[in-house]
Amino acid sequence: MLSVFRSFIRSKFGALFAILFLGVIAAAFILGDLSSGQFGNSIGGGGTAAKAGSYKLSESELQDRVQRVFENARRSNPGIQIGDFFAQGGGKQVYDQLVASLTLRAFADDQGVHISKRLVDAQIAQIPAFQDAAGNFSNDNFRALLARERLTEQALRDDISRDILQRQLLSPVGLGVKLTDSLVLPYASLLLEARQGTVAAIPAVAFLDEKTPSDAQLADFYKKNASRFTIPEQRRIRYAVIDAERFAQAAQPTDADISTYYSQNKATYAARQSRSVEQLVLPTQAGAKAIADQVKAGKSLADAARGAGLAAATFADQSREALTASAGKTVADAVFAGKQGDLIGPIRGSLGWLLVRVTAVKETPARPIAAVRDDIVAALRVQKEKQLLTDFTGKIEDAIADGGTFDEVVKDNGLKLETSPLVLATGKQVKDSAFTAGPDLQPLLAPVFSMSADDDAQLIPIAADKRYALAAPGEIVAAAPPPLAEVKQLVLAQYKLNEGSQKAKALAEQIQAKVAKGAKLADAIAQAGVKLPAPQMLGGRRADIMRGQQRPPAEVAILFSMAANTVKTLPIGQDRGYFVVQLNKIERGDAKGQPDLLNQVRTQLSEVVGQEYGQQFERAVEKDLGVTRNAKAVDQVRNALAATNSGEQ
């Protein structure tokens, strides 16, 4: 429920920036050093977007960083357009974050704060993308990832240093925030507030006109609303699959291989004996001896243990090595010297005095090479296939790193080139709704859609250690609205809906005016002259309707931003009409007697206030250092990226 406070002060791009400066490092979406220049007008031409001390943020870096954040947002929301991204404040927030980083870097130099190489090394070692399967830092993975992303090690280190610097300078500023009950109580009470209202829908379909618009009217509507019909970027994916089965014949082990493997694992196939046991641990020798006497008199160890309020543990098929590891060598030797049914002990162990009863003895005869040949062949084949596949994919990666083109590498290594149809980032097709990406194509979508047209081909795992694909983007169709002729019927329907929505808006405003003068909403709806749905009563407690990450319907959420006894209109969205919303009742909440709620809200608000302290500190530093900003930088980046991403101006 307390997430409502987070939403008050955090934009929808807030989490994205945490990824940008932390998770993006792990994904290797990192740019190089800040370049220099003077304020200018051409993006990418060396102009300066901001300057702090001796450091400068170039316009080209700002554009690159905004582009990367936008692409990251588009992975989770393929339909988002660059115009939407900027309209929601994405571009400005990237700019502000970069300026803050630049400012703190200059401040650190001024204060003699230095980030050591060892600290950066430790941070790099913790990045999962640079670790091997055992979780250890892999220099091979590190170098391969930098090469694939065309990044220098120094660029990576610079970005990590800036991130560490931000955390070291800003985190202490917000520590120890302690908010009083008088400050927390109003916010906690807001969560308990309940509101009730009446909502009437004025649907656009109630005003649809049968008259068909002229071609000129339709074309004009389509031009003004092109973003509604924009098809997200489409790509053909070129790929060549490399499967472990390619090496099935070469991986067939020889008789010598089988014999060597058998010799190296002789202990596995040798005759062995295992024991199943019951074990009881007691704190004193006297207690253990008393239980042992009961067992010798005819009681089972389990029954004797229960009589003492204890329980015996059972262990099945224990080897001497396993029993030595769990109970100690003395116990293991005694157990393997005994027969089935024998009671061993009391013996002093690390946790107390042990009683162990041998419940079963199992003899496993030795297995000759002929009996296990098939198992050895299967194990060796898997090992050799994996090694041959690793060697081959390494050869492919080396060829790409050495400048080989996708086509050259595919041809030189005898791979089969495949090309997908034009697909969206989701794997769907625009013109064939029944199309679905197959098991080989699906894993390639996200990596290939994140690549530029001139990026090197990438080796992408389909099934780890079994199946890979060398992939690269083929034809790229930029996000754009299709020709009007192809979507004319859809545009016509939207045109009529838009016209109906405008009429719905006019009627909603008339009804709003009547209700504001004292008329009942139900009466105003009944007298509208158009058949409309009956009004409904909606509402609830703020904490309930805004619980967790769920977003309440707009017609309910607006109740919590209205003054008592007021009425408002609200668009339904997508030209579907309008709501008329009347707030009828407010029940104030009081969290005074709920200490748990107060403490929860205090914790949340303390975090928010701590972050605000950090932001205020950064702004104070920016003012003190005389940081300069290019006021036109964000608009210039928007214009440049609108042209390259969707053709918008």
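Predicted model, so just to flag it, every value in this text is computed and none were measured.
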Problem set entry | Q636 and N630, any side-chain heavy atoms less than 4.5 Å apart | yes

For this session: Applying salt bridge (Lys or Arg N to Asp or Glu O under 4.0 Å), run through K416 and E418 and close with a yes or a no.
Result: CA-CA 6 Å; K416 180 184 177 183; E418 298 185 58; 5.1 Å; no

For this session: Sequence neighbours left out, what passes ring-ring contact (aromatic ring centres under 6.0 Å, His included) with F435? Give chain and number order.
Result: none

Exercise. Is R162 salt-bridged to D159, going by a charged N under 4.0 Å from an acidic O?
Worked result: yes

Exercise. Side chains of E153 and R143: closer than 4.5 Å at any heavy-atom pair?
Worked result: yes

Exercise. Y222 vs F229 aromatic rings, parallel, tilted or perpendicular, using cut-offs 30° and 60°?
Worked result: tilted

Exercise. Under the salt bridge (Lys or Arg N to Asp or Glu O under 4.0 Å) criterion, do R238 and D407 qualify, and how do the steps go?
Worked result: CA-CA 10 Å; R238 307 177 73 218; D407 291 311; 2.5 Å; yes

Exercise. Which distance, rounded to the nearest 0.5 Å, do you find between the CG of L424 and the CD of Q234?
Worked result: 5.5 Å

Exercise. Does the side chain of N225 come under 3.5 Å of the side chain of Q494 through a donor N or O and an acceptor N or O?
Worked result: no

For this session: Can you establish whether the number of heavy atoms outside Q536 located under 6.0 Å from its atom CD is more than 12?
Result: no

For this session: Supply the atom-to-atom distance I160 CD1 to L156 CG, rounded to the nearest 0.5 angstrom.
Result: 4.0 Å

Problem set entry | Y495 OH to T212 OG1 distance, which is reported to the nearest 0.5 Å | 10.0 Å

Exercise. Counting only heavy atoms not in E245, do more than 12 fall under 6.0 Å of its CD?
Worked result: no

Exercise. What distance do E233 atom CD and I476 atom CD1 have between them, rounded to the nearest 0.5 Å?
Worked result: 6.0 Å

Below 3.5 Å, can you tabulate the donor-acceptor pairs from side chains in residues 459-467 to any protein atom, sequence neighbours excluded?
from: R467; atom 1: NE; to: D440; atom 2: OD1; distance (Å): 2.9
from: R467; atom 1: NH1; to: D243; atom 2: OD2; distance (Å): 2.4
from: R467; atom 1: NH2; to: D440; atom 2: OD2; distance (Å): 2.7

For this session: To the nearest 0.5 angstrom, please state how far the CZ atom of F579 sits from the CD atom of E555.
Result: 4.0 Å

Exercise. Has R246 got its NZ or CZ under 6.0 Å from the middle of the six-membered ring of F392, at an angle within 45 degrees of the ring axis?
Worked result: yes

Problem set entry | Step-by-step salt bridge (Lys or Arg N to Asp or Glu O under 4.0 Å) determination, D544 to R541 | CA-CA 5 Å; D544 295 331; R541 287 200 318 170; 3.1 Å; yes

Seminar exercise, completed: Here the gap from F406 atom CZ to K411 atom NZ, rounded to the nearest 0.5 Å, amounts to 14.5 Å

Exercise. Out of V530, T569, I572, L507, which residue meets the side chain to side chain contact (heavy atoms under 4.5 Å, CB included) rule with I202?
Worked result: L507

